[in-house]
Amino acid sequence: MHMYSSYRGRIAPSPTGYLHLGHARTFWIAMERSQEKKGTLIYREEDLDLNRCRKKFSHAAIEDLKWFGCKWQEGPEQENKFGPYRQSERMPIYLEAWEYLKNMGLIYPCSKSRKSIKKASKNMENFHNEPIYPEVWRPTKIDYFNIKIPDGYNWRFRVPSDKKIYFEDACLGPCQFTSGKDFGDFLIWRKDGVPSYELAVVVDDIAMQISEIVRGEDLLISTARQLLIYDAFDKKSPKFYHAPLVTDSKGIRLSKMQKSMALRELKESGYTPELLRKSDDWWSGFN
Ligand code: GLU
């Protein structure tokens, strides 16, 4: 019998396109780290964005990752106390989290468009090119106890204006961000009726007792935002490992739009998973 340790990792693909070599590499690292620690790896499908997610991509992701050699111990096929493992089936849990944050006065409904926020943002100069939501647009702290459902509004997190956020990344070393400078009030709930990525992922990582998150470096600033949500729920955050991104021969990071790097395409062109994993280009992509 396999004895699992308390290490719990996860891979969390979104079925918005075919997975590419960059996803495979991040997930491979997640799997290796979990195996090294005799941990449990969870497969969670992040399918909340109904406009972009497709069933065919969800089937393809599982098929392609299995072909590539990824293995996980918990996922959509299993039923246990940590599931369901598809975010679209977890709405009651997110609604409860929204309600908690609302009653704590930590979030507020907002009707500003993304375009107007970009325009008003004084701080486009910051390193991440993140528009900062102007604090003057925030409603004063009235209570929203009478609002029973979030729908119809974007809800934003009231980000402290100058809070230092530190974490020790297992790949990058010490990381530091300043809330209100590196990022501003971010989305918690979307007006089309679903939780934001930041909320859903934190709620799930807490509920699924994830002890380390392995994700791409492109999500570094999201990690900083998410640490504020852990604080809001008074929960200890998991550890983090941000993997460097795979780029193409021009140094541009891979996206789901680049068909040539999709695992299915590579398989069609005759690559084997062993060959892909052995190649020096594993770290940089190839074209
Ligand atoms: N679902 C996200 C993605 O495909 C990753 C989520 C995460 O690692 O937090 O980019």
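Note that ligands are numbered from 1 as they come in the structure, with each ligand's atoms numbered from 1 the same way. Keep in mind that the numbers below use all heavy atoms, side chains included, and drop hydrogens, waters and symmetry copies.
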Can you measure from CG (Asp192) to CG (Asn51) and round to the nearest 0.5 angstrom? 6.5 Å

Per-atom contacts of ligand 1 with Val201, taking only distances under 4.0 Å to non-hydrogen atoms: 9 (O)

Among residues at least two apart in sequence or on other chains, which ones pass side chain to side chain contact (heavy atoms under 4.5 Å, CB included) with Arg52? Thr16, Asp49

Output side-chain donor-acceptor pairs under 3.5 Å for residues 225-233, partner residues at least two apart or in another chain, one line each.
residue : atom : partner : partner atom : Å
Arg225  : NH1  : Glu198  : OE2          : 3.0
Arg225  : NH1  : Ser222  : OG           : 3.4
Arg225  : NH2  : Glu130  : OE1          : 2.8
Arg225  : NH2  : Glu130  : OE2          : 3.2
Gln226  : OE1  : Arg215  : NH1          : 3.3
Gln226  : OE1  : Arg215  : NH2          : 3.0
Gln226  : NE2  : Tyr197  : OH           : 3.3
Gln226  : NE2  : Glu198  : OE1          : 2.9
Asp231  : OD2  : Lys163  : NZ           : 3.1

Could you tell me whether ligand 1 has any atom less than 4.0 Å away from a heavy atom of His23? no

I need the atoms of ligand 1 closer than 4.0 Å to a non-hydrogen atom of Arg10, numbered in the order shown. 7 (C), 8 (O), 9 (O)

Identify which of His242, Arg215, Glu46 has a heavy atom lying nearest to atom 6 (C) of ligand 1. Glu46

Can you sort out which atoms of ligand 1 are near Tyr197, meaning under 4.0 Å from one of its heavy atoms? 6 (C), 7 (C), 9 (O)

Does Lys191 offer a backbone N or O that forms a donor-acceptor pair with the side chain of Asn154 under 3.5 Å? yes

Please say whether Ala12 places an N or O atom under 3.5 Å from an N or O atom belonging to ligand 1. yes

Does Tyr94 have its ring centroid less than 6.0 Å away from the ring centroid of Trp98? no

